[in-house]
Chemist: 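For reference, the structure I am asking about is given below.
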Amino acid sequence: MSVLVLDSLGVARDDALPTLRGALDPAKAEAALGLVPRLAAQGGAVRLRSIRVTRYKPGQRCLVEYDILLSRSPGREEELTLIGKVRARHGGGSSDRLQRAFWEAGFHAASSDGISVPEPMGTVPAFRMSLQRKVAGQPASHLFESGGASLGARIAETAHKVHGAGVPAGKRHAMADELAILRDRLHDVAREHPRLSARIAALLVGCERIGTALRPPVSSGIHRDFYSDQVLLDGDRLWLLDLDLYCKGDPALDAGNFLGHVTEQALRTRGTPDAFVLFERGFEDRFVSLTGESERTAVRVYRVLTLARHVYLTTRFPERRAHTEEVLALCEDLLPGAAR
């Protein structure tokens with residue numbers, strides 16, 4: 001049977017991710033997947049049906065989907081899709097161990113609260129790749145209106161579950177790191193758009209002022225890249241994706257980051273930052289009910305910092321460039337002293 005290979009992005013030519021060439025070769029991929037202990041258990045045989053590149057950041061990371069037919073015993077076959085993740089300077093083992101740590105910390109597929117991570121399936125050493133089972137669901141970004149406040153509350157509970165999971169974090173991310181990243185990004189915008197440089201400088205001063213004034217956090221493990229496309233909903237089950245940036249930091253960062261992305265999406269797609277306000281209120285109110293009312297200020301500070309980072313992000317996506325000044329103006333409205 002021929003194997004369909006879809007690589008419209010040409011990732012096999014990326015010299016910084018050299019194992020992708022083998023990962024996209026049907027014969028090599030089928031043989032390597034057949035050696036994965038989780039798939040080879042009980043004498044199972046792997047038959048590869050198709051290969052798809054689904055996400056790619058040149059020189060940094062790539063996601064590859066494998067549709068396979070897994071024969072575990074005569075007459076017993078299972079069709080499933082695996083997601084293989086390749087990252088520069090990573091062998092796949094750390095991603096798999098972290099995914100498994102969450103799986104075993106109450107995020108398994110049958111968790112009673114309906115909050116899960118995809119099942120870790122092991123690694124492919126030859127490709128420096130980690131594997132997980134693909135899950136079904138709609139991204140939360142499609143459901144802000146229909147889900148409203150109740151969906152917002154549910155996703156806030158997801159963030160809180162991550163923060164309380166107790167999974168060890170190898171790295172730390174502090175406010176100083178957050179502001180340093182923002183400083184670098186906004187300086188890029190000012191260089192590329194000189195007519196906005198004075199407004200960008202004022203925005204950065206305002207962000208540094210509110211960031212440095214924030215209370216010292218009680219740190220925990222945080223997702224650090226928590227936004228709507230990292231959350232899939234499948235009926236009553238919610239799937240949390242992409243734990244690669246997991247570290248120790250301020251839990252309010254995850255909440256504010258999520259809300260900042262929601263607000264930016266509302267402004268960009270609906271022309272008003274308040275389009276998904278019911279969802280945002282449901283999220284914020286539930287998060288502070290779980291963590292304490294004193295955390296509301298921190299959540300709102302991180303929301304503003306996230307929106308400020310989106311000033312930069314709008315310049316990096318052609319379809320968003322028309323919204324740069326809209327996002328900048330919204331940040332100015334939220335930051336007294338950063339006047340236009």
Chemist: I'd like to check Leu39 versus Leu82 (side-chain heavy atoms, cut-off strictly below 4.5 Å). Are they in contact?
Modeler: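 The answer is yes, as the side chains (C-beta and beyond) meet within the 4.5 Å cut-off.
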
Chemist: Can you tell whether the side chains of Arg224 and Asp254 come within less than 4.0 Å, N to carboxylate O?
Modeler: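 No, this pair does not count.
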
Chemist: Taking atom types as modelled, find out whether Ser141 and Asp229 have a side-chain donor-acceptor pair closer than 3.5 angstrom.
Modeler: yes

Chemist: Look at the aromatic rings of His108 and Trp103 and report parallel, tilted or perpendicular, splitting at 30° and 60°.
Modeler: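 The rings of His108 and Trp103 stand perpendicular, inter-plane angle above 60°.
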
Chemist: Looking only at non-hydrogen atoms, find the nearest pair between Ala88 and Gly59 and report the distance.
Modeler: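 The answer is CB-O, 3.5 Å.
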
Chemist: My understanding is that only one of Thr19, Leu6, Asp7 makes a side-chain contact (heavy atoms from CB on, under 4.5 Å) with Leu24; could you say which?
Modeler: Asp7

Chemist: Thinking salt bridges, do Arg303 and Glu264 make one under a 4.0 Å N-O criterion?
Modeler: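 Salt bridge absent between Arg303 and Glu264.
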
Chemist: Quick one: does any side-chain atom of His90 pair with a main-chain N or O of Gly92 as donor and acceptor, under 3.5 Å?
Modeler: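 Side chain of His90 to backbone of Gly92: no pair is present.
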
Chemist: Transitively linked via ILVMFWY side-chain contacts under 4.5 Å: Val304 with Leu182?
Modeler: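 Val304 and Leu182: one cluster.
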
Chemist: Hey, are the side chains of Val36 and Met121 touching, using non-hydrogen atoms and a 4.5 Å cut-off?
Modeler: no

Chemist: What I want to check is whether the side chains of Glu178 and His173 have a donor and an acceptor closer together than 3.5 Å.
Modeler: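 Yes, His173 and Glu178 have a side-chain donor paired with an acceptor closer than 3.5 Å.
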
Chemist: Can a donor-acceptor pair be found, under 3.5 Å and without considering hydrogens, that links the side chain of Lys161 to the backbone of Ile115?
Modeler: yes

Chemist: Please test Arg52 against Asp67 for salt bridge (charged side-chain N to carboxylate O under 4.0 Å, His left out), starting from the C-alpha separation and ending with a verdict.
Modeler: CA-CA 9 Å; Arg52 290 181 302 279; Asp67 293 327; 2.5 Å; yes

Chemist: In terms of side-chain geometry, is the basic nitrogen of Arg49 or Glu30 positioned less than 4.0 Å from the acidic oxygen of its partner?
Modeler: no

Chemist: Scan for salt bridge (Lys or Arg N to Asp or Glu O under 4.0 Å) pairs involving residues 140-156, sequence neighbours excluded, and state none if there are none.
Modeler: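 Qualifying pairs, neighbours excluded: Glu145-Arg270.
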
Chemist: ring-ring contact (aromatic ring centres under 6.0 Å, His included), that's the test. Do Tyr227 and Phe258 meet it? Break it down for me.
Modeler: CA-CA 4 Å; Tyr227 71 103; Phe258 199 101; 7.9 Å; no

Chemist: Would Glu104 and Arg97 satisfy salt bridge (charged side-chain N to carboxylate O under 4.0 Å, His left out), going step by step from the backbone distance to the final call?
Modeler: CA-CA 10 Å; Glu104 294 173 352; Arg97 288 190 295 272; over 6 Å; no

Chemist: Is the closest basic N to carboxylate O distance between Glu293 and Arg296 below 4.0 Å?
Modeler: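 Yes, charged N to carboxylate O under 4.0 Å.
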
Chemist: Give a yes or no on whether a salt bridge exists between Arg133 and Glu78, defined as a side-chain N under 4.0 angstrom from a carboxylate O.
Modeler: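 Answer for the salt bridge query: yes.
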
Chemist: Salt bridge check, Arg61 against Asp244: does any charged N sit closer than 4.0 Å to a carboxylate O?
Modeler: no

Chemist: Is it the case that the side chains of Arg300 and Thr297 hold a donor-acceptor pair, with the cut-off being a distance below 3.5 Å and no angle test?
Modeler: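 Side-chain D/A pair, Thr297 to Arg300: absent.
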
Chemist: Mind checking whether Ile51 and Leu4 have side chains closer than 4.5 Å, heavy atoms only?
Modeler: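 They are not in side-chain contact.
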
Chemist: Looking only at side-chain N and O atoms, does Ser116 offer a donor or acceptor that is under 3.5 Å from a partner on Arg237?
Modeler: yes

Chemist: Using 30° and 60° as the class boundaries, would you call the ring planes of His163 and His160 parallel, tilted or perpendicular?
Modeler: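 Aromatic pair His163/His160 classed perpendicular.
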
Chemist: Is the shortest side-chain N to carboxylate O distance from Glu319 to Arg268 below 4.0 Å?
Modeler: no

Chemist: What I want to check is whether the side chains of Glu77 and Ser71 have a donor and an acceptor closer together than 3.5 Å.
Modeler: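 Checked: Glu77/Ser71 side chains pair up, N/O donor to acceptor below 3.5 Å.
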
Chemist: Before accepting this row, confirm whether a basic side-chain N of the pair Arg320/Glu326 lies closer than 4.0 Å to the acidic partner's carboxylate O.
Modeler: no

Chemist: How about His310 and His261: are their ring centres within less than 6.0 Å of each other?
Modeler: yes

Chemist: If the threshold is 4.0 Å, N to carboxylate O, is there a salt bridge linking Arg21 and Asp15?
Modeler: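 Yes, Arg21 and Asp15 are salt-bridged.
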
Chemist: Are Asp250 and Arg215 close enough for a salt bridge, meaning some N to O gap below 4.0 Å?
Modeler: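 So Asp250 pairs with Arg215 through a salt bridge.
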
Chemist: Does the side chain of Gln99 pick up a donor-acceptor pair with the side chain of Ser130 at under 3.5 Å?
Modeler: no

